[in-house]
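Okay, structure first, notes after.
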Amino acid sequence: MRLPLRWLREFLEIAASPTEIADRLTMAGLEVEAIENHAPAFAGVVVARVLTVERHPNADRLSLCEVDAGPIGRFRVVCGAPNVRAGMVSAYAQVGARLKAAGHGAVEQAGGFAPQLEAAVIRGVRSEGMLCSERELGLSAEHAGILDLSNGSEPGTDLAEYLQLADTVLDVTVMPNRGDCMSIFGLARELAALFGVRVRTLSRRRAAKARDGVGHLSIAVDIRDPDLCPRYAALAMERVRIGPSPLWLQRRLELCGMRAVNNVVDATNYVMLELGQPLHAFDLRRLAGPKIVVRRAGNDREMVTLDGIARTLVADDLLICDAERPVALAGVMGGQNSEVGETTDAVLLESAYFDPVAIARTSRRLGLRSEASARFERGIDRAVQVTALWRVAELIRKYAGGRLCGQVTDVDAKPAEPRTITLDVGRMEGLLGVRVPLPEVRRRLRAIGAQVASAPGNRLYVTVPSFRGDLSEMADLAEEVARLKGLAEVPATLPPGAGRVAVEREWQRSFRCASRDLMLGCGLTEVRTISLTAAAENERFGGLDRAAPVRLQNPLSAELGEMRRSLLGGLLQALRFNLNREASAFHAFEIGRVYGLVGDAALEAERLAALTYGDYVLGRIGAPPVRADFFTLKGIVERYFEGLGLDAAVRFEPLTANEVPYLHPGKAARIVLDGRSAGVIGELHPAEARRLELAYACALCEVDLSVLMTYESSPRRAIEPPPRFPSVGRDLALVVDRGLPADQVVRAVVEAGPAWLERVELFDVYEGEPMAVGKKSVGLACRYRARDRTLTDAEVNRAHEELIARVTTRLGAELRA
Amino acid sequence: MREKLEEIRRRALAELADYASTDRIEEVRVRVLGRQGELTAVMRGMREVPPEQRPEIGRLVNEIKVQVEARIEVLAAAAARAALEHALTQERVDVTLPGVRSSCGRFHPLTLAGERILDILVAMGFEIVDTPDIEDDFHNFAALNFPPGHPARDMQDTFFVDAGLLLRTHTSNGQIRVLERRRPPLAVVCPGNCFRRDELTVRSSPMFSQMDVFMVDEIGRVTMAHLKGVLIEFLRAFFGPDTRVRFRASFFPFTEPSAEVDIGCLLCGGAGCRVCKQTGWTEILGSGMIHPNVLRAVGHDPESYQGFAFGLGVERMAMLKLGVDDLRLFFENDHRFLNQFPATDEGVL
């Protein structure tokens, strides 16, 4: 809501500076976003009446005029405007005036006013000043003629003052609950409460003047749906002459962010800005008689609004109809069929209260947000309808020559009951944590327009004013009491029971922290990507088992059309982003959620994904770097599981062909934790790598953290003292089929050994001469150790021989010579 | 025989001069002490020595052997020392060359900020609860006192998904998720991602992270004064002990009274600058006393319980603390941005 302070001061005598006013509003919950200072683009220009117009003796296109500037005097000026005529009231720039906008003889100067206007001799005739166009005054681009002020302004009046050009405007953010502050009067009322002064109401006498010349037309109003329109008031006027509004009025509309249209529409808008009551003017002659029906759209399917667009209706839209057809979409926009235009000479004025939710629903559905709907949605004053009608009638009578055709028809189909809240003052203090003396509570509540009466106990009966529909219970009143003084009054204290709440062990958080620490220790940088993605990416990277992707119904773009099913797409995007920006290697991980839909239930799972690309370990100068591939990332993952104490539970199992289509079929594995699948790891499929224009292999993995987090409660591994007896080592090399995974060989050896075979480590894999084609040699180091004694060579040799015999049979392997 | 032995001694000791080379020393050792050496030969020829002279000759042989061995030991140690010294002069490396290294990982700044915030809140007695990103209307709006069609819903532009669900627009759904399952007293922080229909720009993002913090207890035990106390304590812990904090009345559907919280502008210190729009204050978070309708919606009697809640944006806190003014930097993951943060989460934010 834009608040011009000159307009405000018509309702409020207040000495405070604009900054003080803005600060008080801001602290009271009406944030002032900006303070704008508006200044006229001229000085020394006054209102003047043209007395005579004669032809310039030496020029056909110029006139010689005598102008009367009231107490300032009479002057002779040369004027070139085609519209100048005797009796006209216009803008007269005296000798000595300054005009900022470019014009006759006035040289534009950077950043300041032009030099003072001097008396000039034009074609042999002296001109004492000039008559000005709107452009010359910097009011608009209009330059077809001089300004026409023939609408009741006194000659000699300073023009800037008359047009109220110097003004300060506050841009106030009005929260959705404060519909009552969507008007100049409403903000005046609020400021009166904040500053403890009185607000001036519109004088009844002033409004009553519009009742002159009452005719006998009576308007019938039939409210069929009082739940959506509890109150509807109407008034008709005739002998209206459509034309422009006076400039000062246009100027006020502009300062409030609205455009001037004509004197009738402007009057309705003016009153809306002033009192917060949206009004609508129908062309009375285009209605089917003086009858208004307010009803739901029902079977009406379409109507054309005054912007010329055919709007599709739904049954619950509220319509304003005449005797035959819809003429307006209630509270949102008028109909084209009843629009006020240049030929209008009689109008029906509407002032109603519409249900906020109904208006919000319709305006949102149609994407039609107007100043009117913004007010109806927030809830307008339930009691101002008739006052607003009289006020607009007054303005139309004054500036459009209208005459009343009859009395106001006011149908209050569902009168609003005044709402009274019982305020338990002790309870309020318990909420705020501060004591406010009872008289002060009463004073503050009265300041916002409430009626306050004593009630038994430490209680008050508070009857809230008609314009504060947002106040319905104790907490609302507590806020008013706290707000009016500013929240600084509430002390800051720590809760007595801080620490009383048992802090549960934050396992999930510490698990995430541990995961991050381990990844960082492996040289990976943490990234955060947006969890919205394209359908194609979700298709590419698959997702939670059997879950469908979560599709956005109103996405910003197709690129952000679904919730991600995998973190890998985001990581690859980050890789590409960095390769495009001077990076040659990228090692990163992300911890985040992925999403899916099973039936009507949304699934969310937490994952960790990692990516490595390019040089991973830089060797010493002269030695080659270690470039990221399947095994560098596998090393990271192994280290991660070891760090978590889960190294004994994790296995890497080869994938079946095309099981994970985005990974290299020969360089990918499933990560299995105690027999449960916990993720995948592998190099990016060469076709994908080509699509992303990658120069090297890119290794990726994605781990399901929800599986890992289940290990929280499992008992920690027992801590043992270091062994007291020495170990004995024996190596062996087995020749096996090339396709047999090495970890199966290791497992077979472990199973074939005695209980005191402490560890089996693979140290070599060799293919080629002298082995047969299709065979490979696997070199293993076995370490034997007993807990309770030093082993003898003889018993180790015997055990090792037995192990070899068992494992060669088991695997069909041969001992390599 | 005696003369012969003296000649062996004289010659050996002469050859084992200080400057004797390692080769010469070895040569003398083999010639004199070796298995085929001169002293061995003398011992072998002992049969030809008259028996009465034998003990003396044997003693002399032993004396020469010990003497030559000692001499060789001294010379060998000196030679080894010299050889090592020589070798060391040859083995100097350029210590300014780079070491063998792998890349250094970094924490994302939102992690640094988020973990710092959680550290403070956990120390203040709040418990962390994770809540869903994909929500239903009840938990995101209706129970938080946004009735259908209420204009307050316009303040947030919501992403809707299939199955009648939506992406949460704030973490305040956490209040509902926790309060519908548990009874006060409660002190909870719900961190998480939120979504609104905004393009990714310098100042907006379709996804951002928030934390909803709330405390609920019996009437009078958690007041607005406590809200202020906790917030001032929290903001000073995060932004520094001299941080100025002020509370402005405001409106949120789910709190009553509501307060917007500002901190003194970190850039100008309150004097007024472009960043704070000359006000000296920066908006930091929204807060208030939980609306009675919220408690009712989850089955708690507002005549028995009350509480406070506040909601903060992690990006905003991080931006103010780090002096970063472009939101996109947090989601682009440019290595030139991320590499400026240290690889530790202690004492950074």
Side-chain angles (χ1 to χ4, degrees), chain A residues 26-29 175-177 357 360-361 377-378 430-434 473 475-476 478-479 482-483 487 490-495 498-499 501 503-504 506 509 519-520 523-528 530-532 550-554 556 574 578 581 583 587 597 600 602 604 616-621, chain B residues 97 100-108 110-111 122 124-125 127-128 130 132-134 149 151-152 159-163 165 185 187 193 197 199 206-207 215 219-220 222-226 228-230 232-233 247-251 256-257 259 289 291-292 306 330-335 338 343:
Chain A
T26 298
M27 295 307 289
M175 288 301 188
N177 63 329
V357 174
R361 210 188 297 128
E377 282 177 17
R378 285 176 159 84
L431 183 70
L432 296 176
V434 66
E473 57 182 307
D476 302 320
E479 171 166 87
R483 189 176 68 86
L487 295 172
V490 177
T493 46
L494 287 174
V501 181
V503 181
E504 287 183 5
E506 308 298 348
R509 179 186 180 215
M519 285 290 139
L520 250 69
L524 271 58
T525 289
E526 186 186 20
V527 302
R528 293 257 184 131
I530 304 250
S531 40
L532 304 173
V550 179
R551 275 192 303 272
L552 269 55
Q553 292 177 346
N554 54 341
L556 284 164
N578 279 286
R581 285 164 184 77
H587 311 288
L597 205 57
D600 280 354
E604 299 180 25
Y616 178 61
V617 179
L618 297 177
R620 54 177 55 79
I621 296 300
Chain B
L97 288 178
V100 176
R101 66 210 183 276
S102 60
S103 63
C104 181
R106 315 280 175 168
F107 286 109
H108 194 279
L110 290 180
T111 294
V122 167
M124 292 176 90
E127 160 198 0
I128 306 172
D130 284 336
D133 295 358
I134 303 180
F159 281 120
F160 294 96
V161 303
D162 297 340
L165 300 173
N193 284 335
R197 274 194 93 248
E199 299 281 352
M207 184 187 93
M215 193 180 269
I219 293 294
V222 180
T223 69
M224 193 151 190
H226 296 136
K228 286 184 68 172
V230 166
I232 290 172
E233 198 74 9
F247 293 76
R248 262 185 302 120
S250 188
F251 167 75
E256 188 80 33
M289 300 304 290
H291 198 289
Q306 69 185 30
F330 291 123
F331 301 108
E332 282 175 344
N333 302 302
D334 192 321
H335 64 290
L338 296 179

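Reminder, nothing fancy here: chain letters follow the sequence lines and each chain counts from 1.
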Give the intermediate values and the outcome of side-chain contact (heavy atoms from CB on, under 4.5 Å) for residues Ile134(B) and Glu604(A). CA-CA 8 Å; Ile134(B) 303 180; Glu604(A) 299 180 25; 3.6 Å; yes
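Here the NE2-CG distance, from His226(B) to Leu494(A), works out to 8.0 Å after rounding to the nearest 0.5 Å. Separation of atoms CE (Met207(B)) and CG (Asn193(B)) is listed at 4.0 Å; rounding is to 0.5 Å. Taking CG of Asn333(B) as the start and CD of Glu526(A) as the end, the distance is 9.0 Å to the nearest 0.5 Å. Rounded to the nearest 0.5 Å, atoms CZ (Phe159(B)) and CD (Gln553(A)) are 12.5 Å apart.
Heavy-atom neighbours of Arg581(A) CZ from other residues, nucleotides or ligands within 6.0 Å: above the threshold of 12. The number of heavy atoms from other shown groups lying within 6.0 Å of CZ (Arg197(B)) is above 12.
Interface residue Glu199(B): backbone and side-chain heavy atoms are both found under 4.5 Å from chain A. Heavy-atom distances place the backbone of Ala28(A), and not its side chain, under 4.5 Å from chain B. There is no contact between Arg361(A) and chain B, counting heavy-atom distances below 4.5 Å. Phe330(B) touches chain A through its backbone: at least one of N, CA, C or O sits under 4.5 Å from a heavy atom, while the side chain does not. In this structure, chain B has a heavy atom under 4.5 Å from the backbone of Leu524(A), while its side chain stays farther away. Using a 4.5 Å cut-off between heavy atoms, Val434(A) makes no contact with chain B at all. Heavy atoms closer than 4.5 Å to chain A are found in the side chain of Leu165(B), but not in its backbone. Heavy-atom distances place the side chain of Leu338(B), and not its backbone, under 4.5 Å from chain A.
Here Leu556(A) is the residue among Val617(A), Leu556(A), Asp600(A) with the most heavy-atom pairs under 4.5 Å with chain B. With chain A as partner, the option from Pro292(B), Gly220(B), Ser250(B) having the largest number of non-hydrogen pairs under 4.5 angstrom is Pro292(B). When each of Val550(A), Leu618(A), Thr26(A), Ile621(A) is checked for heavy-atom pairs under 4.5 Å with chain B, Leu618(A) comes out on top. Among the candidates Asn554(A), Leu432(A), Ile530(A), Leu532(A), the residue making the largest number of heavy-atom pairs closer than 4.5 Å to chain B is Asn554(A). In terms of non-hydrogen atom pairs under 4.5 Å with chain A, the most contact-rich of Ala163(B), Ser103(B), Cys104(B), Ala259(B) is Ser103(B). Across Glu332(B), Gln306(B), Glu256(B), Met289(B), the residue that shares the most heavy-atom pairs under 4.5 angstrom with chain A is Glu256(B).
Partners of Glu233(B) by salt bridge (Lys or Arg N to Asp or Glu O under 4.0 Å), not counting sequence neighbours: none found. In this structure, Asp476(A) has no salt bridge (Lys or Arg N to Asp or Glu O under 4.0 Å) partners at least two apart in sequence or on a different chain.
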